[in-house]
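Please read the structure below before turning to the comments.
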Amino acid sequence: MCGIVGYVGGRSALDVVISGLRRLEYRGYDSAGVAVLADGGLASVKKAGKLANLEKALDEHPVPAGPAGIGHTRWATHGAPNDVNAHPHLDSAGRVALVHNGIIENFAQLRAELEERGRHLSSETDTEVVSHLLAEAFSSCADLAEAMRQVCRRLEGAFTLVAVHADEPDLVVGARRNSPLVVGIGDGEAFLASDVAAFIEHTREAVELGQDQVVELRRDGVLVTGFDGVPAEDVRAYHVDWDVSAAEKAGYDYFMLKEIAEQPRAVADTLLGRIGSDGALSLDEVRIPAAQLREVDKIVVVACGTAYHAGMIAKYAIEHWTRIPCETELASEFRYRDPILDGRTLVVAISQSGETMDTLMALRHAREQGAKVLAVCNTNGSTIPRESDAVLYTHAGPEVAVASTKAFLTQLVACYLVALYLGQVRGTQWGDEIATVIRELADIAGAVEDVLGTMEPVRELARGLAGKNTVLFLGRHVGYPVALEGALKLKELAYMHAEGFAAGELKHGPIALIEEDVPVVVVVPPPRGRSVLHDKIASNIQEIRARGARTIVIAERGDEAVRAYADHLIEVPPTPTLLQPMVATVPLQVFACELATARGNEVDQPRNLAKSVTVE
Ligand code: F6R
């Protein structure tokens, strides 16, 4: 939530900051602003709404070119999304400019202190408090990094802060607690951003900032210290293994369309390098010793939103292949119910961004109770893998559209791998059984490609439903989380009432929602799997159709048993039952994207949302 950029070097700081913000707009788009150090002073422009509004304001009121600057794109927490609450926030003298991602929990008390000292604050934000505190601290120590450290020691909550001061024209200072911030190292220049995407066109050499660290950016290098001023020893540099083309739309109208199309590659990439020369699964990044994994007597999967749906599917695979009891829980609920955890519990935390605060808090709670945590994550160097005992990276590449697509499919691949690996280590799966599933997983990339090639009728159907108010989704077994995911995609993109149900629950209440012509999407499991599952859902389709529903049936190609009850049939290639979510979800992504477009909604930046949810 909120995108932050900082730059110092030989280029125009304004140009670098604006192009960085363009790549970070997915993180928040309520308002945007910049501040540039130039001619011994500080120039700042900020505007409510999307980045385009800021660019227009900059055309009307140009700021001078300078070597250092900061920028921000906001997802509002404290205060309405208007010009005044937009970042950067300046102190009263206009010498300090500050941008912030996160929430300062003790801001009310700090604001009261400042007001008692006669300071006037003009916005409703928690951030402005920090710019005033920073100006006060600077006036006594004349060192922006030291002032930042002093202020950070007083702050509670989650924050990434980046600041400049007119008296230090070649310096940008950043600080990080519980929110993302990465440093980019160039030749005679340096960058700061919430995500490497902001500077990937200039450098792929990055440095990860740790918890409670302050970084000073100068043209000739960076210095990282703790909030206590002690130089950091654990500074980890890394090379970003994707390039600028991965962060661009490549001719697609929306990032979401591009990311849907990238799924076959992403799925294949996530499988790459996981099989050792002896044919056994080798998950290099899973550094929890095999002996400890053999001791595990309970698995808890924690995640939010789409990642939670991946976790729900993981439960079926984990229990089936390992026979270890597994629960999947919303990360935002997990720690509040005082879960029973100990050294024999394995917690699997799934997160595309690696920064979701609810998931981070859940994993911290789990580790405090002695549980081991394995992260499934798509973002190298992010907080969740850093704080976990082990990580399995998905190789989806950058996901920019707010609605998650390729991350979901690769999370599924990673979860299947975790389940198989546990089965291998504990001996509940034989080598040949694992090899069979791996072959089936390897075939999935082709099956997804096949689905993508047959989506025109789905798009046409979506366009025809643009005037509807409600769409319901039904599934059983692993089809149930697919139904939930289909409904989530539709809510967030098309702003329609969409609900997913376990098909068996229908008769316990939700069937009352069925009336003439209500569209109901039904995910049908493969008939060759557990036939009882298939037969039950075939009966459910008949029940709703008898009550007037318009049935949209996703079924395996050649499944003649359900054809007669389908008003619209979406066929997917044959897969094993447990892997079917990987093909059944794809038409639902396309459906939601097309419906959103038909309703005139912004596909990549749905209202009220942001890509990376760094507040609880
Ligand atoms: C929905 C969506 C969200 C995320 C959720 C978790 O399309 O993208 O529901 O899945 O906010 O995000 P990560 O995976 O970054 O922890």
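Order of appearance sets the numbers: ligands from 1, and atoms from 1 within every ligand.
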Next on the checklist: Give the atom numbers and elements of ligand 1 that come within less than 4.0 Å of a heavy atom of Ser351.
Outcome noted: 13 (P), 14 (O), 15 (O), 16 (O)
Item to check | Of Val572, Ile570, Val553, Val482, the residue whose pairing with Val523 passes side-chain contact (heavy atoms from CB on, under 4.5 Å) | outcome: Val482
Item to check | Protein heavy-atom partner closest to atom 14 (O) of ligand 1 - residue, atom, separation in Å | outcome: Gln352 N, 2.6 Å
Checklist entry - Against heavy atoms of Gly305, which atoms of ligand 1 measure under 4.0 Å? => result 9 (O)
Item to check | Which residue and heavy atom of the protein sit nearest atom 3 (C) of ligand 1, plus the separation | outcome: Thr306 N, 4.0 Å
Checklist outcome for this item: Note: Glu492, heavy atoms under 4.0 Å from ligand 1, region reported as side chain
Checklist entry - Does Arg607 count as lying over the ring of Tyr495, i.e. NZ or CZ under 6.0 Å from the six-ring centre, within 45 degrees of the axis? => result yes
Checklist entry - Can we say Glu460 and Arg463 salt-bridge, meaning some charged N sits less than 4.0 Å from an Asp/Glu carboxylate O? => result no
Checklist entry - Which option out of Cys304, Pro606, Ala592 puts a heavy atom nearest to atom 6 (C) of ligand 1? => result Cys304
Next on the checklist: To check your reading of the model: name the closest protein heavy atom to atom 11 (O) of ligand 1, its residue, and the distance in Å.
Outcome noted: Val613 CG2, 4.0 Å
Item to check | Pair Glu387 + Arg367: basic N to acidic O under 4.0 Å | outcome: no
Next on the checklist: Could you check whether Lys406 pairs with Glu262 (Lys NZ or Arg NE/NH1/NH2 to Asp/Glu carboxylate O, under 4.0 Å)?
Outcome noted: yes
Checklist entry - So Phe408 and His309, ring-ring contact (aromatic ring centres under 6.0 Å, His included) or not? Walk me through it. => result CA-CA 8 Å; Phe408 176 70; His309 298 151; 7.3 Å; no
Next on the checklist: Is it the case that ligand 1 has an N or O less than 3.5 angstrom from some N or O of Thr359?
Outcome noted: no
Checklist entry - With the threshold set at 4.0 Å, does a side-chain nitrogen-carboxylate oxygen contact exist between Lys489 and Glu492? => result yes
Checklist entry - Which protein non-hydrogen atom lies closest to atom 15 (O) of ligand 1, naming both residue and atom, and how far is it? => result Ser353 OG, 2.6 Å
Next on the checklist: Under 4.0 Å between a side-chain nitrogen and a carboxylate oxygen: does that hold for Glu329 and Arg337?
Outcome noted: yes
Checklist entry - Distance under 6.0 Å and angle within 45° of the ring axis: does Lys50 meet both against Tyr29? => result yes
Checklist entry - Is Val402 close to ligand 1, meaning an N/O of one under 3.5 Å from an N/O of the other? => result yes
Checklist outcome for this item: So the atoms of ligand 1 within less than 4.0 Å of a heavy atom of Ala307 turn out to be 10 (O), 14 (O)
Checklist entry - Does Lys489 have a non-hydrogen atom less than 4.0 Å from ligand 1? => result yes
Checklist entry - Of all the atoms in ligand 1, which lie at a distance below 4.0 Å from a heavy atom belonging to Ala403? => result 7 (O)
Item to check | Closest protein heavy atom (residue, atom, distance) for atom 13 (P) of ligand 1 | outcome: Thr356 OG1, 3.2 Å
